[in-house]
Structure formats: C-alpha cells, structure tokens
Amino acid sequence: MRIITWNINSVRARLGIVEKLLTEYAPDVLCLQETKVQDHMFPTGFFEDLGYPHLAIHGQKSHHGVATASKLPFDDSFKIDWCGKGDARHIAVKLPTGQVVHNFYVPAGGDEPNPDVNEKFAHKLDFLAEMKEWSSALEDDCILVGDLNIAPYEEDVWDHKKLLKVVSHTPIETDTMLELIKTHDWVDVMREFEPLPAKLYSWWSYRARDWDAADKGRRLDHIWLSPSLKSAPTKVEVLRSARGWEKPSDHAPVLMDIDL
DNA sequence: ATGACCGGTCCTACCGGA
C-alpha cells in the first residue's frame with residue numbers, strides 16, 4: 001500500500017503536477033490539503049480518468065479544503081468539525097484493510113505567535129488542544145497525515161534559533177505537538193526513516209529566489225502511525241524533486257509504502 | 001526574515017498562506 005500526502009495549494013491550479021505524481025509514483029491513496037475548492041466544483045472526472053474514482057472530499061470556497069483519492073473503494077468516510085468553525089480541515093477514510101486514514105490541515109496561525117492579539121494563533125492552539133483530546137481516546141490502527149503546520153524539532157527547520165519566534169516553530173507549538181504525539185504514542189515515521197539529527201524539510205517558501213540552493217525549509221507535513229503499525233512501513237520519503245516541477249506547490253509530497 | 005511569491009475571489013486589491 002502506497003500513501004502520499006501533499007499540500008497542493010489549489011488542486012485546480014495543479015492538475016498538471018497531480019497527474020505527474022499519480023503517473024510517476026502511482027500511490028494507492030493520495031491525501032491532499034489546501035484544495036481551495038467547493039465540493040461541487042472539485043475535479044472528480046480528472047481523478048476518475050487517472051484511476052482514482054473513490055474520493056472523499058471536504059472543501060470550501062477559496063481557502064483550506066482536504067481530499068482523499070483512492071484506487072480502491074473505502075469502507076467508510078467521515079469528517080470532524082474542529083473548533084466548531086465549520087471549516088474544511090479534516091477528512092477520514094477507512095481502508096478495506098481496516099485502518100483509518102485521517103487527513104488533516106491544521107491552521108497556519110498567522111504572523112504573531114501571541115493568542116491574545118492574534119485570533120489565528122489562538123485558533124491554532126485551540127485546534128491542537130482538541131486534537132490532543134481526540135487523540136487520547138483514539139482507537140488503534142490509525143494513520144494520520146497532512147499539513148500540521150508545525151516543525152517540531154530543531155532539525156526540522158533550516159535555522160532553529162532564527163525561527164524560535166516564527167509561527168510554526170515557536171516553543172508553545174513544538175511543545176504542544178510533542179504532547180500530542182504522546183497522547184497516542186504516535187510514530188513519527190518520517191523520523192524513523194530519516195532519524196535526527198539529519199535535517200528534513202517538506203516546505204520551501206515561494207519567496208526565496210532559489211529555494212533549492214538556499215534550502216531554507218521546514219518540515220510542516222507529517223505522517224504518523226498508531227503504535228500497532230510501527231513496523232509496517234517499508235519506505236518513507238519526501239519527494240523533494242516535486243518542489244521543482246513546473247508551477248509547483250510550495251510543499252513537497254511525502255510518500256509512505258506500508259504493509260497492511 | 002520566508003523576504004518580496006502564490007491562488008482565489010465579492011476580480012485589477014486584498015486576504016491567507018507560514
């Protein structure tokens with residue numbers, strides 16, 4: 001079973017590179033974030049034509065939005081409405097093999113890392129608090145993927161000291177993420193396959209003149225497994241080359257092969 | 001400093017991204 005997660009930064013604007021990914025890497029399941037499209041305008045025919053007729057989509061106009069596309073039918077799919085905001089930040093599917101794949105788009109959090117003056121940062125912290133409560137009571141055999149918008153370790157950013165006050169790597173965020181991991185003993189499989197202290201990123205800003213040479217990245221995208229699945233993955237890789245494809249997303253896909 | 005770019009929309013300016 002091959003699963004790929006990718007913040008696509010508008011699915012409709014990226015059909016070219018989505019086709020390239022599906023053709024070259026042939027995932028069984030593709031989890032997208034920031035689809036930026038309402039469900040009735042989602043390019044379902046495009047996915048069907050490429051062999052992915054089974055779609056679980058949760059979108060809204062302009063912002064956010066997640067979608068999970070599969071070659072094989074799901075047993076079930078459902079959404080959770082985090083923080084009661086009615087925004088599109090989660091979709092879950094139950095695989096025929098029994099595992100549940102949760103596809104997340106955690107709030108970015110705005111610029112100022114102070115919940116008293118920045119509502120977006122307060123929302124991000126509230127979202128993480130709800131995730132901790134949910135995760136504490138979660139059943140086994142879960143796969144959690146997506147853009148979690150936090151780079152938890154020093155080696156998950158290009159310069160730890162420079163980013164300590166930058167949203168995505170502040171101590172309140174990184175500490176909360178490590179607490180969240182503990183609530184389910186989640187296995188951070190990207191770090192199983194690329195252990196610390198190696199640098200590992202999945203996002204590079206559009207603003208850098210030469211993202212590849214500058215390499216000022218952050219690991220914002222994640223794949224976590226329930227402890228029962230710890231020994232199941234056979235390969236985990238950031239598809240860095242996709243950041244250099246034509247008309248790219250600012251995030252690279254993250255691929256996992258797993259025996260289920 | 002990420003450091004001047006993206007996509008979407010109430011469309012030619014502004015929001016959100018992070």
Side-chain angles (χ1 to χ4, degrees), chain A residues 5-18 32-43 46 57-67 82-83 85-90 104-115 117-128 146-174 176-177 199-222 238 240 242-254:
Chain A
T5 180
W6 198 7
N7 178 319
I8 195 63
N9 186 18
S10 172
V11 66
R12 289 176 297 171
R14 309 278 175 229
L15 294 181
I17 59 172
V18 171
L32 297 173
Q33 303 86 37
E34 278 207 89
T35 52
K36 296 188 174 181
V37 63
Q38 295 169 94
D39 291 352
H40 72 274
M41 295 168 72
F42 192 89
F46 169 86
I57 57 178
H58 185 188
Q60 67 181 80
K61 189 185 274 191
S62 300
H63 302 300
H64 322 318
V66 290
W82 302 89
C83 301
K85 290 178 81 78
D87 55 1
R89 296 183 177 278
H90 170 269
F104 274 92
Y105 177 54
V106 171
D111 287 327
E112 183 61 47
N114 178 352
V117 300
N118 176 6
E119 280 183 19
K120 292 177 191 170
F121 196 72
H123 177 214
K124 186 176 196 173
L125 297 181
D126 290 346
F127 195 103
L128 294 166
D147 178 3
L148 305 185
N149 269 318
I150 296 173
Y153 300 118
E154 293 190 17
E155 295 83 1
D156 292 334
V157 295
W158 65 278
D159 190 319
H160 168 64
K161 287 184 180 173
K162 282 195 172 82
L163 288 167
L164 275 170
K165 293 181 177 176
V166 175
V167 170
S168 72
H169 193 62
T170 64
I172 182 67
E173 292 170 274
T174 57
T176 302
M177 175 164 274
K199 292 281 194 179
L200 185 61
Y201 314 135
S202 66
W203 173 88
W204 294 262
S205 173
Y206 283 126
R207 295 186 184 190
R209 281 187 184 83
D210 186 340
W211 71 273
D212 195 25
D215 201 21
K216 294 182 176 179
R218 305 179 202 170
R219 186 169 73 108
L220 303 179
D221 302 277
H222 298 267
V238 176
R240 180 179 172 124
R243 180 62 180 79
W245 290 350
E246 193 176 351
K247 208 167 178 262
S249 168
D250 45 358
H251 294 253
V254 185

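A note on names: the letters A, B, ... follow the listed sequences, proteins ahead of strands, and every chain is numbered from 1.
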Of all the choices, [options], which nucleotide is nearest to the side chain of [X] once you look at every atom?
X        : options              : value
A:Lys36  : B:dG8, B:dA18, B:dT2 : B:dG8
A:Asn149 : B:dG8, B:dT2, B:dA18 : B:dA18
A:Arg12  : B:dA18, B:dA4, B:dT9 : B:dT9
A:Ser10  : B:dT2, B:dG8, B:dG17 : B:dG8
A:Leu220 : B:dG8, B:dA18, B:dT2 : B:dA18
A:Asn9   : B:dA18, B:dT2, B:dG7 : B:dG7
A:Lys247 : B:dG7, B:dA18, B:dT2 : B:dG7

Check whether any side-chain N or O of [X] sits under 4.0 Å from OP1 or OP2 of [N], and answer yes or no.
X        : N      : answer
A:Tyr105 : B:dA18 : yes
A:Asn7   : B:dA18 : yes
A:His169 : B:dA18 : no
A:Lys61  : B:dC10 : yes
A:Trp158 : B:dT2  : yes
A:Arg14  : B:dG7  : yes

Rounded to whole angstroms, how far apart are [atom1] on [X] and [atom2] on [N]?
X        : N      : atom1 : atom2 : result
A:Gln33  : B:dG7  : CD    : C1'   : 17 Å
A:Gln60  : B:dC15 : CD    : C1'   : 13 Å
A:His64  : B:dT9  : NE2   : C1'   : 14 Å
A:Trp204 : B:dT2  : CH2   : C1'   : 14 Å
A:Glu34  : B:dT9  : CD    : C1'   : 15 Å
A:Arg207 : B:dT2  : CZ    : P     : 11 Å
A:His160 : B:dT2  : NE2   : C1'   : 18 Å
A:Tyr206 : B:dG7  : OH    : C1'   : 8 Å

Partner nucleotide, any strand, of B:dC10 [Watson-Crick/G-U, under 3.5 Å]: none

Pairing partner (Watson-Crick or G-U wobble, both distances under 3.5 angstrom) of B:dA4: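 The base-pairing partner of B:dA4, which may sit in any strand shown, does not exist here.
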
Closest-nucleotide ordering on DNA chain B, the 5'-leading residue of A:Arg209 and A:Trp203: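 Mapping each residue to its closest nucleotide by heavy atoms, the 5'-most match is A:Arg209.
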
Nearest-nucleotide 5' precedence on DNA chain B, A:His251 against A:Val11: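 Its nearest nucleotide lies further toward 5', so the answer is A:Val11.
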
I'd like the [atom1] distance from [M] over to [N], given in whole Å.
N      : M      : atom1 : result
B:dC10 : B:dC5  : C1'   : 23 Å
B:dC14 : B:dA18 : P     : 22 Å
B:dA4  : B:dT9  : P     : 28 Å
B:dT2  : B:dT12 : P     : 32 Å

Taking atom types as modelled and ignoring hydrogens, do the side chains of [X] and [Y] form a donor-acceptor contact shorter than 3.5 angstrom?
X        : Y        : result
A:His90  : A:His58  : no
A:His251 : A:Asp221 : yes
A:Gln33  : A:Thr5   : yes
A:Glu34  : A:Asn7   : yes

Gap separating the CZ atom of A:Arg240 from the CH2 atom of A:Trp211, nearest 0.5 angstrom: 4.5 Å

Sugar-phosphate only, base, or nothing, as touched by A:Asp250 at under 4.0 Å among non-hydrogen atoms: nothing

Sugar-phosphate, base or nothing in reach of A:Asp147, heavy atoms under 4.0 Å: sugar-phosphate

Student check: side-chain heavy atoms of A:Tyr153 and A:Arg219 closer than 4.5 Å: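 Answer yes - side chains close enough.
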
Side-chain heavy-atom pair A:Pro43, A:Val11 within 4.5 angstrom cut-off: yes

